[in-house]
Amino acid sequence: MFDEHEGKAAHPPTVRGRDLDARPPESKADTCSVRSAQATHAGYLEIGETRVACAVLHGGIRVINQSAMLTALGRNARPKGGGAGTVLLAANLRPFASNALNEILNEPIRYKMPSGTNALGYPASVLPELCEVYLEARKNGVLLKSQERAADAAEVLVRGLARLGIIALIDEATGYQEVRARRELQKILEAYVSTEFRPWIKMFPDAFFEQIYRLQGWEYKPGTSKRTPYVGKLVNRYIYRQLPPGVLEQLQRANPRRANGYRRHKHHQHLTADTGNVHLDKLISTVTMLMKVSKSKAEFEELFARAFPEPQLRLPLDPD
């Protein structure tokens with residue numbers, strides 16, 4: 001089990017985290033058993049004067065150690081014997097807990113720490129839900145004298161924790177947020193970019209380029225596919241960079257420039273048919289429409305900024 005340090009949650013929560021024993025998770029996390037799993041990251045949430053031991057299991061499941069959860073509620077970290085559920089909720093409190101919460105409390109998660117020691121815990125979202133149970137029981141006047149301290153601690157915890165917030169706090173405390181960000185980015189890239197190129201089909205209609213040339217004040221020659229190099233920069237800025245972050249860079253890696261300075265394929269040939277190209281087609285249609293209704297480059301810039309707000313600085317339409 002974790003090392004527990006008893007303490008009262010007597011002050012508004014402040015959160016600090018430090019790594020305890022972290023290592024990169026193994027691949028194919030979904031193959032692990034939720035009720036008997038391996039922790040890949042572990043750390044502490046510091047809430048007031050209480051240190052709450054937490055972990056991230058193989059598969060991204062965030063858990064709080066059972067004893068740590070009791071301590072956070074101002075209770076003894078090692079209570080007297082009883083069923084798994086009764087350790088956390090006495091009979092007079094259970095009517096205020098949902099059926100789902102009662103079921104979770106009856107089936108604690110057994111897991112192994114990165115250091116190899118065994119531990120027992122619950123999904124992280126259980127902590128704020130338990131707090132609500134104590135507060136509802138107090139509101140209805142059914143608390144026992146011995147439970148008042150736990151209700152006071154629950155009130156303090158509720159001010160600083162929410163069902164979604166606690167996930168981010170555990171990720172910060174254990175160092176898992178970097179792994180999470182890499183995994184989420186990889187999922188996006190896999191959904192949008194294909195390692196194999198697809199046969200060329202026309203994705204950008206003539207109207208798209210005609211409007212770019214009109215706003216630039218350039219002469220447009222129908223039927224030709226030769227474009228000034230600056231057009232490619234505009235296509236990246238107004239189309240490809242509006243795909244999820246990282247997709248354009250992944251396309252550039254999958255479709256690098258050759259020695260002659262040209263790419264072997266068009267970027268859209270490396271977009272997936274069911275996600276990447278669908279999004280691309282919508283972007284092209286939207287941007288083409290914005291250009292058509294714009295009387296000038298400045299007006300288009302303004303409309304584009306409204307339609308696609310982003311933190312990046314906007315590129316001007318002028319080549320210089």
Side-chain angles (χ1 to χ4, degrees), residues 181-320:
R182 289 197 300 270
R183 285 184 172 180
E184 291 175 352
L185 175 59
Q186 188 60 37
K187 288 181 180 179
I188 291 174
L189 296 182
E190 289 176 356
Y192 273 79
V193 182
S194 172
T195 55
E196 300 294 331
F197 72 93
R198 299 183 306 109
W200 182 88
I201 57 173
K202 188 172 184 176
M203 289 294 298
F204 289 82
D206 292 339
F208 175 83
F209 295 106
E210 182 179 357
Q211 293 303 319
I212 284 183
Y213 275 66
R214 178 181 67 83
L215 293 176
Q216 289 288 345
W218 298 337
E219 180 185 1
Y220 177 73
K221 297 180 180 180
T224 180
S225 60
K226 293 183 178 181
R227 318 286 183 196
T228 173
Y230 189 67
V231 171
K233 295 181 180 180
L234 296 179
V235 170
N236 282 343
R237 170 65 181 88
Y238 295 111
I239 301 298
Y240 285 107
R241 286 208 177 277
Q242 305 315 312
L243 294 170
V247 171
L248 175 57
E249 290 73 15
Q250 183 70 4
L251 287 172
Q252 291 169 340
R253 287 190 290 270
N255 186 33
R257 292 186 183 277
R258 294 178 292 176
N260 60 8
Y262 293 94
R263 302 182 190 277
R264 185 178 299 275
H265 309 113
K266 298 296 184 181
H267 278 337
H268 62 77
Q269 291 180 261
H270 283 274
L271 287 173
T272 56
D274 55 347
T275 301
N277 262 301
V278 172
H279 193 173
L280 181 73
D281 188 57
K282 291 180 180 179
L283 286 170
I284 294 171
S285 297
T286 300
V287 173
T288 301
M289 181 269 292
L290 291 177
M291 289 193 291
K292 284 183 176 179
V293 300
S294 299
K295 296 179 180 179
S296 65
K297 292 180 291 186
E299 184 178 2
F300 169 70
E301 275 281 325
E302 186 63 31
L303 291 176
F304 182 84
R306 293 181 189 177
F308 301 98
E310 57 181 344
Q312 304 173 11
L313 292 175
R314 286 180 287 161
L315 278 177
L317 272 170
D318 291 311
D320 51 7

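Computed over heavy atoms, backbone and side chain alike; hydrogens, waters and symmetry mates excluded.
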* Structure fact -> Sorted by chain and number, sequence neighbours left out, side chain to side chain contact (heavy atoms under 4.5 Å, CB included) with Thr272 holds for Ser194, Asp274, Thr275

* Structure fact -> Residues passing the side chain to side chain contact (heavy atoms under 4.5 Å, CB included) test with Ala207, sequence neighbours excluded, are Thr288, Lys292

* **Non-hydrogen side-chain atoms of Trp218 and Val231 separated by less than 4.5 Å** => yes

* Structure fact -> CD of Gln216 to CZ of Phe209, rounded to nearest 0.5 Å, is 13.0 Å

* With distance as the sole test, does Gln242 use its side chain to make a donor-acceptor pair with the main-chain N or O of Asn236 at under 3.5 Å? -> no

* Over all heavy atoms of both residues, which pair between Leu290 and Ala307 is shortest? Give the atoms and the distance, please. => CD1-CB, 3.8 Å

* Is there side-chain contact between Leu271 and Leu251, with at least one heavy-atom pair below 4.5 Å? -> yes

* Closest non-hydrogen atom pair, His268 against Phe204 -> CD2-CE1, 4.3 Å

* Any idea which heavy atoms bring Ser294 and Leu215 closest together, and the distance? -> O-CD2, 4.0 Å

* Non-neighbouring partners of Glu249 that pass salt bridge (Lys or Arg N to Asp or Glu O under 4.0 Å), sequence neighbours left out -> Arg241

* Structure fact -> Closest non-hydrogen atoms of Pro205 and Met203, given as atom of the first, atom of the second and distance, are CD-O, 3.4 Å

* Any side-chain heavy-atom pair from His267 and Gln252 closer than 4.5 angstrom? -> yes

* **Interatomic distance, Ile239 atom CD1 to Phe208 atom CZ [nearest 0.5 angstrom]** => 4.5 Å

* Asked: In Å, rounded to the nearest 0.5 Å, how long is the span from CZ of Arg263 to NZ of Lys266?
  -> 10.5 Å

* **Gap between atom OG1 of Thr286 and atom CZ of Phe308 - 0.5 Å precision** => 5.0 Å

* Set of residues satisfying side-chain hydrogen bond (donor to acceptor under 3.5 Å, both in side chains) with respect to Gln269, sequence neighbours excluded -> none

* For Val278 and Ala273, which heavy atoms make the closest approach, and how far apart are they? -> CG2-O, 3.6 Å

* **Residue list, salt bridge (Lys or Arg N to Asp or Glu O under 4.0 Å) with Asp281, at least two apart or on another chain** => none

* Asked: Among pairs that include at least one residue of residues 201-211, which meet salt bridge (Lys or Arg N to Asp or Glu O under 4.0 Å), considering only residues two or more places apart or in two chains?
  -> Lys202-Asp206

* In terms of the angle between their ring planes, are Phe304 and Tyr238 parallel, tilted or perpendicular, with boundaries placed at 30° and 60°? -> perpendicular

* Structure fact -> d(Lys297 NZ, Glu299 CD) to nearest 0.5 Å is 13.5 Å

* Val247 and Gln250: side-chain contact (heavy atoms from CB on, under 4.5 Å), yes or no, with the steps? -> CA-CA 5 Å; Val247 171; Gln250 183 70 4; 5.6 Å; no

* By ring-ring contact (aromatic ring centres under 6.0 Å, His included) - contacts of Tyr220 (at least two apart) -> Tyr213

* Structure fact -> With sequence neighbours left out, the residues meeting side-chain hydrogen bond (donor to acceptor under 3.5 Å, both in side chains) with His279 are Tyr192

* Return the set of residues passing side chain to side chain contact (heavy atoms under 4.5 Å, CB included) with Arg264 (not counting sequence neighbours), or none when no residue passes. => Asn255, Arg258

